Amino acid sequence: MKYGFLADNNHLDANIADRMSCADWLVVVDPDTLSIEAEPALHSSGGPGAGIKAAARLIDMGPRF
C-alpha cells in the first residue's frame with residue numbers, strides 16, 4: 001500500500017503542508033520498500049482551485065488513503 005501527502009520537500013523528513021494549496025511537493029511513499037515518488041506541485045501558487053488540483057494529481061500518483 002502506498003501513502004501520499006503534500007509536503008514542503010521531496011524526502012521522508014519533509015513537513016506535511018499546512019494547506020493543500022501551499023504544498024511545494026506531492027509525495028507518495030511505499031512503506032514496505034521506502035521508495036519515494038515525488039514531483040513538484042505545479043499549483044502551489046495558492047490561487048483558486050490550487051488545493052483541489054494538487055489533491056487530484058496526488059490521487060493520480062496512486063496512493064491509498
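Everything numeric here is computed off the predicted structure, so don't read it as measured data.
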- Counting N and O atoms only, with roles assigned by atom type, does the side chain of Asn9 sit under 3.5 Å from a partner on the main chain of His11, one being a donor and the other an acceptor? no
- Query: Closest heavy-atom contact between Ala23 and Ala41?
  - Reply: O-CB, 3.4 Å
- Asp8 side chain to Asn15 backbone, donor-acceptor under 3.5 Å: yes
- With sequence neighbours excluded, what pairs up with Glu37 under the salt bridge (Lys or Arg N to Asp or Glu O under 4.0 Å) test? none
- Message: Run the side chain to side chain contact (heavy atoms under 4.5 Å, CB included) test on Leu26 and Leu6 for me, step by step, so that the C-alpha distance in whole Å, both residues' side-chain angles and the decisive distance to 0.1 Å come before the verdict.
- Response: CA-CA 5 Å; Leu26 308 174; Leu6 299 142; 2.8 Å; yes
- Query: Looking at side-chain heavy atoms only, is the closest gap between Met61 and Lys2 below 4.5 Å?
  - Reply: no
- Note on the structure: Contacts of Leu34 meeting side-chain contact (heavy atoms from CB on, under 4.5 Å) (sequence neighbours excluded), chain-then-number -> Leu12
- Query: More than 12 heavy atoms of other residues, nucleotides or ligands under 6.0 Å from CG of Asp60: is that the case?
  - Reply: yes
- Message: Which heavy atom of Asp30 sits nearest to which heavy atom of Asp32, and what is that distance?
- Response: OD1-N, 3.0 Å
